[in-house]
There are 2 protein chains.
Amino acid sequence: MGNHGYRTRENFLAKLGIKDIAAISGVSPATVSRTLRNPDIVSEETRKKVMKAVEEGGYTPSRFGANLRTQKSGNIIVVMPDITNQVNAGIIRAIESEAQKAGYSILLGDTQGLPEREKHYANMAQSGQADGVLLFTFHMPFNLNENQPVAKQLPPIVNSCESIPIEGISKVMIDNIAGARTAVEHLLSLGHKRIAAVMGPRDTPSTLERLEGYQAALNDAGIKIDEQLVIRGDYGLDSGIGAMEQLLKLRLRPTAVFCFSDDMAIGAMSVLQENGFRIPQDISIMGFDDIRYARLMTPALTTIHQPLEEIGKACIELLLDQLDGRSEPGRYIELPFKLMVRQSTGPVPTDR
Amino acid sequence: MGNHGYRTRENFLAKLGIKDIAAISGVSPATVSRTLRNPDIVSEETRKKVMKAVEEGGYTPSRFGANLRTQKSGNIIVVMPDITNQVNAGIIRAIESEAQKAGYSILLGDTQGLPEREKHYANMAQSGQADGVLLFTFHMPFNLNENQPVAKQLPPIVNSCESIPIEGISKVMIDNIAGARTAVEHLLSLGHKRIAAVMGPRDTPSTLERLEGYQAALNDAGIKIDEQLVIRGDYGLDSGIGAMEQLLKLRLRPTAVFCFSDDMAIGAMSVLQENGFRIPQDISIMGFDDIRYARLMTPALTTIHQPLEEIGKACIELLLDQLDGRSEPGRYIELPFKLMVRQSTGPVPTDR
DNA sequence: AGACAATTTGAAAACGTTTACAGGGTGGTT
DNA sequence: AACCACCCTGTAAACGTTTTCAAATTGTCT
């Protein structure tokens, strides 16, 4: 009755391995593995024996061994510029929930907007720490080796929110151009002609697209763009404050302000109210995103709704399909936005 | 000139392993490993040779092999009830940033308040998917085996926000009792006597503690607690709305409302303003947390500030110390809160 | 009874690192 | 010249699984 090189039962303080369970239940490690991963292919008798040993020993298979053998980490890395942002948080929440159902875990990559951190997370994927990448930032963070074809070097990627120009990766987007256009057309329909825009961070695809929508809507209405009314922001609260202060200094003030994010709209509203302006009687404010606080502002914020949960779900679904070989990369999903008319926008003031 | 069992250079589309790099640079795999992990102990000449091969081959060490060998994942799992919550998001952001500096990655565990999901994430730690756990939920999610001592079975844990009664784990907290007391004393100092409380989720430690502070402050002021003024909430926006609606139906309304979270305070404010009440002239509103939107409300929300970044940093620091053996578990760090007096609280109305 | 298929199991290799140990070389000291 | 210490490097084992392949057992059909 020899020790097969397995640990003895006496030594029960040590963490049990698959060999220990095999020894205890009198089967081979292979059978233990099969019992846990693929119960159908072992006989009921063996299954019972093994499960008993597993439960009594409190055995959980070590992920290290399994990962090495299968060359899969079971992780998906989410690369985002700012987890603190309501939009991102809402998306990642949906992602995490769906990923967990499918047996995957989420590695959080908050880049704080820094390209070197984006690189870091890309490396993690390339070193096998993650099986796939969900990319919400606007740089291409992967190091490519010119000797090899691009497709071979990239892990499965799904790109959302900020469209990155990489050939053949899947994307989940809303139509930012149409969204911004809808926002501006709403203001135009209320009679506004001097409509300011508070943009997001310079050169991000989403900002450029929303700007395009803004310009297109004004063009169509035959209104010339006034560069003074187009202010640079960064999607954050404080930049909304700064932008509004800047706009209030203008000789000819806008009658409506379209902020490219709700956060900036909230910042702008607070500046107006502090300075005694009435919203929307004096100035209309329009946001973008429809974060949960938007409808609770006083006045409630008119904005463009983004379907965060659907975006998250679509992203993870596309990625999982790719990981399981159920579909090819390069797919594109466009999700609908929605105009939410609330109290922060109203007819253009007639008295000036 | 034999093939050592390593892949040949011709085969360059395949991913290179440490043996390939070793073969290319004419050293042993051990030396390659040393060059990357511990450059100081290899000669400069060898280091150059190896680094050249590493760069040209675009080699990144596989984490699978390293993890298995070292029995470390390099991951830390953060278990939180809701990443969408500004408080949690702020904390996890600081955590992630510090963890990355130390070479660790963050696994996101958003439990959505479900105990089974907490269990799931605990299992991940126990199966080696994470080296340590940051616990922000209020259940004890670990399965313990009665045959073994408790301490042996738990991974390194740091507990924050909601205090969990487990012997010997480290904690990072603010003094919720004192925080709530400070809030209520602020209202008392303005002359309020009918002060309502909108609580968090029932039976959570933080709610119980804040309730205790509320009761203590009123007791000290010789004011009897009116059970009608103590409303159950869940820290979310909507429960603030519901609570305020309930309070407005009362025959004898409160002159001030202390919400145990800013989100509930924001919900409450919107109800008041919708119904034509002036804040703070008719009713004062007080929050807890000082989320970034608090100061931008109109009126700006008076609240208790929680140092989110410091909390996150303290958590990860404690955990890293423990992982590196620099300190023992069971430490306790208390961080200071701060009363932020803004415009949503004012003197008690005299006209009634 | 014999052949064959289906079911179940075990042996052993493989995944890619890190590190304990030992050995070779170099330079300095006696 | 012998010895020692030190620096650097290579060999080989180990980490804990999963899975291929083959063998053993059982059942089915002629």
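Just so it is clear: chains get the letters A, B, ... in the order the sequence lines come, proteins before strands, and each one is counted from 1.
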List the residues meeting side chain to side chain donor-acceptor pair (under 3.5 Å) with A:Thr84, not counting sequence neighbours, and say none if there are none.
none
Partner residues of A:Thr204 under the side chain to side chain donor-acceptor pair (under 3.5 Å) criterion, sequence neighbours left out
A:Thr207
Partner set under salt bridge (charged side-chain N to carboxylate O under 4.0 Å, His left out) for A:Glu162, not counting sequence neighbours
none
Given atom CD of A:Glu45 and atom P of C:dT9, what is their separation to the nearest angstrom?
8 Å
Send over the distance from B:Lys72 NZ to C:dT18 P, rounded to a whole Å.
14 Å
d(CZ, B:Arg63; C1', C:dT17) in whole Å:
12 Å
Can you see whether B:Lys171 engages B:Ser163 through a side-chain donor-acceptor pair at a distance of less than 3.5 angstrom?
yes
In whole angstroms, how far is the P atom of C:dT9 from the CG atom of A:Asn38?
13 Å
Nearest to side-chain heavy atoms of B:Ser43, which nucleotide of D:dG16, D:dG10, D:dT9
D:dT9
Just to verify, what does B:Glu96 make a side chain to side chain donor-acceptor pair (under 3.5 Å) with, not counting sequence neighbours?
A:Arg117, A:Tyr121
By nearest-heavy-atom nucleotide on DNA chain D, the more 5' of A:Gly65 and B:Glu44 is B:Glu44
Check whether any side-chain nitrogen or oxygen of B:Thr46 sits under 4.0 Å from OP1 or OP2 of D:dC8, and answer yes or no.
no
So, using salt bridge (charged side-chain N to carboxylate O under 4.0 Å, His left out) as the criterion, who are the partners of A:Glu310 when residues are at least two apart?
none
Phosphate-side-chain proximity, A:Tyr59 and D:dT17, N/O vs OP1/OP2 below 4.0 Å:
yes
At 10 degrees resolution, what angle do the end axes of the helix from C:dA1-D:dT30 to C:dT30-D:dA1 form when each is taken over five base pairs?
50°
Using whole Å, report how far CG of B:Asn67 lies from P of D:dG16.
13 Å
What is the distance from CD of A:Gln129 to C1' of C:dG16, rounded to the nearest Å?
15 Å
Quick one: is B:Ser28 getting a side-chain N or O under 4.0 Å of the D:dG10 phosphate, OP1 or OP2?
yes
Rounded to the nearest angstrom, tell me the gap between atom CZ in A:Arg47 and atom C1' in C:dT9.
15 Å
Can you tell me if A:Asp110 uses its side chain to pair, donor with acceptor, with the backbone of B:Arg93 under 3.5 Å?
no
Between atom CZ in B:Phe64 and atom C1' in D:dA14, what is the gap in whole Å?
19 Å
Considering residues at least two apart in sequence or located in another chain, which fulfil the side chain to side chain donor-acceptor pair (under 3.5 Å) criterion with B:Thr31?
B:Ser28
Presence of A:Gln71 side-chain N/O under 4.0 Å of C:dG16 phosphate oxygens OP1/OP2:
yes
Of all residues at least two apart in sequence or in a different chain, which pass the side-chain contact (heavy atoms from CB on, under 4.5 Å) check with A:Asn75?
A:Ser73, A:Ser105, A:Leu107, A:Ala130, B:Asn75, B:Leu107, B:Gln129
Tabulated below should be each protein N or O lying under 3.5 Å from an N or O of nucleotides 19-28 of chain C; please produce it.
| from | atom 1 | to | atom 2 | distance (Å) |
| --- | --- | --- | --- | --- |
| C:dT19 | O4' | B:Arg69 | NH2 | 2.9 |

